[in-house]
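Just so it is clear: chains get the letters A, B, ... in the order the sequence lines come, proteins before strands, and each one is counted from 1.
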Amino acid sequence: MTRRARKIYWTLVERYPDARCELDFENPLQLLVATVMSAQTTDVRVNLVTPAVFARYRTAGDYAGADRTELETMIQSTGFYRAKTDSLIKLGAALVARFGGEVPPRLNDLVTLPGVGRKTANVVLGNAFGVPGITVDTHFGRLARRFAWTQEKDPVKVEHAVGALIPKKDWTMLSHVLIFHGRRTCHSRRPACGACPVASWCPSYGDGETDPVKATQLLKYELTPVQP
DNA sequence: ATCCCGAGGG
DNA sequence: CCCTCTGGAT
C-alpha cells in the first residue's frame, strides 16, 4: 500500500515537473486573498484580477474597510463574487480583530477565518509558510479514491489516510501533483487512461468508470501512453 | 451541457 | 447528506 502510493507519487512528480501553486503572491495575505477568490474558477482567472486588488488593498484593514461594490466589481470575473467579497471583508476584519492584522500560520486559526476552509488553509500553510499540508480538493479526493488510498469522502479522513502513506515533507508537492493529474489527465468523467503514467498501478484502471480508448482521444497534452 | 485547485448553511 | 453562490471556457 505505502510502497505503491510512493511509486505513484514519484511518478507523478516526474510527470508534472511544473506542479506548484499557480497563484501570484508576495506575502501570506495576498496568497490567502487569492486562494479565497480561487473557489470554482481557474488560477489564471484569479491572477487576472489580483494585480488591481493587491494595488488597492494592501493590509487586512484595507479589506475590512473595503467598499463592497468596488471590490465586487474588481473580482466579478472570478464568479461567486458577492460571497467572495463578503468573505474578504469579514476576513480582513477578523484578521485585525483577532490576529493583529497578520495571517496566522496555524491551521486551527486559519480555519476559523470567514471564507477559509481546510483546503484554503492548507494552501496558505504549504505555500506561504512552508508548513507541509495536504489540500483535499475535488481532484485530490477523487484520485485518492481511485488509487484506493482511501474510500473516505470526508476531507479530514482523506488527509489522515493519505498522510500515513506519504512522508510529511512531501505533502505540499503531493497536493500539487495530484491536482495537476486530476486536471490534466485523470478527469472526473473521462480520465485519459491511455496517457496516464501511473495506469499500471491504478486499481481503478478498466473498472468501467474509466474509459481508456475514448479518453485517449480527448487528450490535450503531449503525454506518453503507458501500457499497464 | 459541464466543469473549474470551495465554503457555508440547512 | 443536500443546496446555493457565479462567470467564463470548452
Side-chain angles (χ1 to χ4, degrees), chain A residues 12-13 15-16 18-25 30-50 52-53 63 68-69 71-94 107-128 132-146 151-159 162 171-192 209 211 214-215 217-221:
Chain A
L12 293 181
V13 168
R15 180 62 67 172
Y16 307 106
D18 55 333
R20 58 186 168 76
C21 182
E22 292 173 303
L23 296 169
D24 286 332
F25 66 98
Q30 290 186 352
L31 178 59
L32 180 56
V33 169
T35 308
V36 166
M37 284 195 300
S38 74
Q40 287 302 105
T41 187
T42 63
D43 296 315
V44 175
R45 197 144 297 283
V46 171
N47 287 333
L48 236 40
V49 307
T50 45
V53 174
Y63 289 98
R68 191 172 299 272
T69 304
L71 185 50
E72 280 182 359
T73 303
M74 278 194 282
I75 71 170
Q76 188 170 6
S77 63
T78 67
F80 292 165
Y81 61 92
R82 275 188 285 262
K84 288 174 182 175
T85 296
D86 197 52
S87 288
L88 290 178
I89 292 174
K90 289 179 179 171
L91 174 56
L107 181 65
N108 289 343
D109 290 331
L110 285 167
V111 294
T112 67
L113 295 168
V116 180
R118 202 174 174 87
K119 188 266 176 182
T120 298
N122 272 323
V123 167
V124 172
L125 283 176
N127 296 285
I134 295 177
T135 61
V136 182
D137 72 329
T138 54
H139 296 302
F140 193 110
R142 180 179 71 254
L143 295 199
R145 273 175 266 122
R146 283 189 175 161
Q151 293 306 321
E152 298 286 354
K153 290 202 168 183
D154 174 16
V156 177
K157 291 179 179 175
V158 174
E159 270 186 50
V162 176
W171 285 358
T172 301
M173 181 58 71
L174 170 72
S175 301
H176 288 307
V177 296
L178 274 203
I179 290 167
F180 268 57
H181 190 54
R183 288 172 62 187
R184 290 159 64 161
T185 305
C186 194
H187 317 106
S188 57
R189 299 298 179 96
R190 319 205 71 173
E209 185 185 359
D211 190 348
K214 292 180 182 176
Q217 299 168 352
L218 295 178
L219 190 65
K220 295 179 182 177
Y221 302 87

Sugar-phosphate, base or nothing in reach of S77(A), heavy atoms under 4.0 Å: sugar-phosphate
Nearest-Å distance once atom P is located in both dC1(C) and dC5(B): 23 Å
Distance in angstrom units between R184(A) CZ and dC4(B) C1', rounded: 15 Å
Given dG7(C), dC5(B), dC3(B), the nucleotide with the shortest approach to the side chain of T41(A): dG7(C)
Listed nucleotide nearest any side-chain atom of R45(A), set dG7(C), dC5(B), dG8(C): dG8(C)
N/O (side chain, R82(A)) to phosphate O (OP1/OP2, dC5(C)) under 4.0 Å: no
Sugar-phosphate only, base, or nothing, as touched by F140(A) at under 4.0 Å among non-hydrogen atoms: nothing
Among dC3(B), dC5(C), dA7(B), the nucleotide that comes nearest once only the side chain of K119(A) is considered: dA7(B)
Euclidean distance, atom CG of residue L23(A) to atom P of dC4(B) [Å, nearest integer]: 16 Å
Nearest heavy-atom neighbours spanning T50(A) and A34(A): CG2-CB, 4.2 Å
d(CZ, R183(A); C1', dA9(C)) in whole Å: 12 Å
Minimum-distance nucleotide (side-chain atoms of T120(A) versus dG6(B), dG7(C), dC5(B)): dG6(B)
dT6(C) and dG9(B), which share atom name P, separated by this distance in whole Å: 14 Å
Closest to the T42(A) side chain, choosing from dC5(B), dT2(B), dG7(C): dC5(B)
H139(A) side chain near dC4(B) phosphate (N/O to OP1/OP2, under 4.0 Å): yes
Minimum-distance nucleotide to K153(A) side chain [options: dC1(C), dC5(B), dG6(B)]: dC1(C)
